[in-house]
Amino acid sequence: MLNCLVIGSGIAGLATAISLQKAGHQATVFEAYGAPSDGVGGFLTVAVNGFAALETLGLKDAAAGLGFSTPRMSMYLGSTGKHLIDFDYGGSLPDGTTARTMTRSELYGMFREAAAQRGIGVEYGKRLASVKETSDGVTAVFADGTTVRGDLVVGADGLHSAVRPLIDPTSPAPRNIPLLNTGGIVEAGLLPAGLLDVEPGRMKMVFGKRCFYCYMQDPDGRIWWFANPLQRSSEDPAALDHAARKAWLTHLVAGDRTPMAEIIAATEGIIRPYTTSDFPSIPSWHRGALVLVGDAAHAASPSSGQGASMAIEDAVALGRSLRDIPTEDIPTALSRYENERRSRAELVVEWGRRNAAPKVRGQFKRVFEDFVLRAVFRSLARKADDNFDWVYRHHIDWDAPVVPSGSAAGGDR
């Protein structure tokens with residue numbers, strides 16, 4: 001049994017600890033912040049490939065009770081109201097499970113409760129400072145002066161990982177995407193009946209005149225929305241107070257043939273706009289007994305819709321690679337894990353960046369793109385199923401024989 005030290009108690013870290021325990025090892029999670037992050041963050045969507053990974057961890061049914069089903073999306077032009085294309089959000093699993101939209105806090109809470117029920121410890125206020133490696137293990141050194149010895153350190157600590165530079169100090173910095181992310185939820189009954197022009201379960205995504213945005217309705221009548229304004233060096237919307245934030249966003253959607261301005265006006269607690277980045281490739285995901293999972297290894301643009309799902313896949317793949325192995329086999333198992341996951345992860349990152357590109361629209365670019373977007377999406381629709389199967393139909397067979405690391409490249413598809 002390995003003693004695994006998981007750095008970071010977010011979704012990636014908790015999922016990894018649960019997977020490592022399933023693989024026959026002991027896992028303890030160490031979190032830099034002093035308390036759990038309940039109530040923190042906006043919302044996200046777990047796609048069907050994420051649910052397939054959750055099933056392996058015994059958590060699919062719990063996750064299927066969170067949020068609401070969002071199996072469909074539609075694209076529109078805000079300037080004219082014209083419909084561009086409809087997509088299935090990955091279809092469904094054999095039991096009918098579809099993609100679901102939920103708050104980040106809901107999903108995090110589910111993982112935190114599952115970890116507690118399984119006896120997995122989480123220690124808070126433990127910011128990693130360094131890792132000392134010896135022939136018989138690793139010792140994590142924290143900023144408060146405490147140390148913990150183990151056999152393996154897993155960096156599940158996100159885009160600005162403290163573990164990543166310990167694996168390779170030459171790893172590149174995250175890559176900026178010139179889009180901000182903001183959004184909110186409107187409680188039921190605050191908008192006139194019939195205002196929303198989309199049925200529950202469908203995401204309406206709009207290429208607006210000045211901003212890309214999306215809104216959807218849940219079965220209880222609440223409206224969930226996000227917006228991706230251009231990031232400009234001349235302004236800092238994150239510094240705006242709530243009223244000014246509303247005014248700024250309302251200006252961005254003014255003139256579009258959608259109810260977005262009314263949705264923004266009815267929203268309390270609009271998410272403070274934040275910058276978006278991705279992380280396309282790093283030299284290595286592991287060295288010795290140190291390894292990365294989730295955003296620490298391969299952060300994707302929010303436009304991929306795959307952040308949480310890929311983190312959960314990583315957790316399952318790492319646990320499977322380390323299943324019941326002795327200490328001396330750790331480097332081989334980590335190589336096997338990286339070989340299995342790297343190709344898929346980097347493809348998803350680039351796919352997410354391509355999805356974000358049409359949202360980066362200045363005024364002159366927007367006028368031109370409005371002419372061509374409809375033709376582009378019509379062509380895409382004819383081959384959509386084939387295009388997206390590689391994303392959504394990915395499944396990791398936990399019980400399959402673990403193959404030698406040199407032959408695992410590309411992963412299970």
Side-chain angles (χ1 to χ4, degrees), residues 41-45 70 73-85 87 101 176-186 191 195-198 202-217 223-278 300-305 352-374 376-377:
F43 57 87
L44 53 81
T45 299
T70 46
M73 61 180 76
S74 298
M75 305 283 188
Y76 286 79
L77 286 179
S79 57
T80 63
K82 285 186 177 180
H83 174 253
L84 295 170
I85 193 174
F87 286 121
T101 297
N176 179 256
I177 297 172
L179 294 169
L180 301 173
N181 206 6
T182 183
I185 300 174
V186 180
L191 289 169
L195 177 70
L196 205 66
D197 51 355
V198 62
R202 184 181 297 275
M203 299 178 171
K204 182 166 182 176
M205 300 192 173
V206 181
F207 292 92
K209 291 181 178 180
R210 301 180 184 89
C211 178
F212 180 89
Y213 49 91
C214 169
Y215 53 90
M216 66 201 95
Q217 184 175 193
I223 300 167
W224 303 48
W225 64 272
F226 69 83
N228 297 138
L230 282 175
Q231 181 182 358
R232 302 181 187 277
S233 58
S234 59
E235 61 185 13
D236 181 15
L240 300 174
D241 63 24
H242 182 66
R245 202 176 303 162
K246 276 192 175 184
W248 168 67
L249 287 166
T250 300
H251 168 72
L252 291 178
V253 303
D256 287 343
R257 297 187 181 185
T258 73
M260 194 63 205
E262 290 88 344
I263 291 171
I264 291 169
T267 306
E268 295 299 329
I270 293 174
I271 296 169
R272 185 180 298 276
Y274 60 90
T275 58
T276 58
S277 304
D278 65 10
S301 159
S303 298
S304 71
R353 195 168 185 88
R354 290 197 302 271
N355 289 347
K359 302 177 184 180
V360 184
R361 289 154 48 95
Q363 186 64 21
F364 294 107
K365 185 180 180 185
R366 192 273 301 171
V367 172
F368 171 73
E369 286 189 347
D370 278 0
F371 283 109
V372 302
L373 273 175
R374 193 166 189 177
V376 169
F377 279 116

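- When every heavy atom of Thr276 is checked against every heavy atom of Leu180, the shortest pair comes out as CG2-C, 4.5 Å.
- Once rounded to the nearest 0.5 Å, the distance linking CD of Glu262 with CG of Leu196 reads 10.5 Å.
- Two residues are said to be in side-chain contact when any heavy atoms from C-beta on lie closer than 4.5 Å; His83 and Met75 fail this criterion.
- Looking at every heavy atom in both residues, Gly184 comes nearest to Ile271 through N-CD1, 4.5 Å.
- In this structure the side chain of Ser301 never reaches within 4.5 angstrom of the side chain of Asn355, judged on heavy atoms.
- Side-chain atoms of Val186 and Glu268, non-hydrogen and from C-beta on, never get closer than 4.5 Å to each other.
- Residue Ile263 holds its CD1 atom at 6.5 Å from CG of Leu195, rounded to the nearest 0.5 Å.
- The CZ atom of Arg245 lies 12.0 Å from the CD1 atom of Ile264; values are rounded to the nearest 0.5 Å.
- In this structure, Leu84 and Tyr76 have side chains that are not in contact, with every pair of non-hydrogen atoms separated by 4.5 Å or more.
- In this structure, the separation between OG on Ser74 and CZ on Phe87 is 9.5 Å, given to the nearest 0.5 Å.
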Next on the checklist: Assess the residue pair Ile270 and His242 against the criterion (side chain to side chain contact (heavy atoms under 4.5 Å, CB included)); give the C-alpha distance rounded to whole Å, side-chain angles, the decisive distance to 0.1 Å, and a yes or no.
Outcome noted: CA-CA 7 Å; Ile270 293 174; His242 182 66; 3.9 Å; yes
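- The backbone N or O of Lys209 sits less than 3.5 Å from a side-chain atom of Asp256, completing a donor-acceptor pair.
- The pair Arg353-Asp278 meets the salt-bridge criterion, with a side-chain N (NZ, NE, NH1 or NH2) lying under 4.0 Å from an Asp/Glu carboxylate O.
- With a 4.5 Å cut-off on side-chain heavy atoms, Trp225 and Cys214 do not count as touching.
- You'll find the side chain of Met73 stays beyond 4.5 Å of the side chain of Met216, heavy atoms only.
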Item to check | Check against side chain to side chain contact (heavy atoms under 4.5 Å, CB included), Val206 and Leu77 | outcome: CA-CA 6 Å; Val206 181; Leu77 286 179; over 6 Å; no
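- Side-chain polar atoms of Thr80 and Arg257 form no donor-acceptor pair below 3.5 angstrom.
- Within the 4.5 Å cutoff, side-chain heavy atoms of Val253 are placed close to those of Tyr213.
- Judged purely by atom type and a 3.5 angstrom limit, Lys246 uses its side chain to pair as donor or acceptor with the backbone of Thr267.
- The two atoms that bring Leu179 and Ala356 nearest to each other are CD1-O, 3.8 Å, heavy atoms only.
- Nearest heavy atom pair, residue Leu240 against residue Arg272, reads O-NH1, 4.1 Å.
- Looking at heavy atoms from C-beta onward, Thr182 lies in side-chain contact with Leu249 at the 4.5 angstrom threshold.
- Ring pair Phe212/Phe226 is tilted by interplanar angle, where 30° to 60° counts as tilted.
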Next on the checklist: Quick one, Phe43 with Trp224, criterion ring-ring contact (aromatic ring centres under 6.0 Å, His included). Give me CA distance, side-chain angles, the key distance, then yes/no.
Outcome noted: CA-CA 9 Å; Phe43 57 87; Trp224 303 48; 5.3 Å; yes
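- With rounding to the nearest 0.5 angstrom, the OG1 atom of Thr70 is 13.5 Å from the CD atom of Gln217.
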Next on the checklist: Checking Val198 against Met203 for the side chain to side chain contact (heavy atoms under 4.5 Å, CB included) test, could you report, in this order, the C-alpha distance in whole Å, the side-chain angles of both residues, the deciding distance, and whether it holds?
Outcome noted: CA-CA 8 Å; Val198 62; Met203 299 178 171; over 6 Å; no
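- In this structure, Tyr215 and Met260 approach most closely via the heavy-atom pair CD2-SD, 3.8 Å.
- Considering every non-hydrogen atom in both Leu230 and Lys359, the closest pair reads CD2-O, 4.4 Å.
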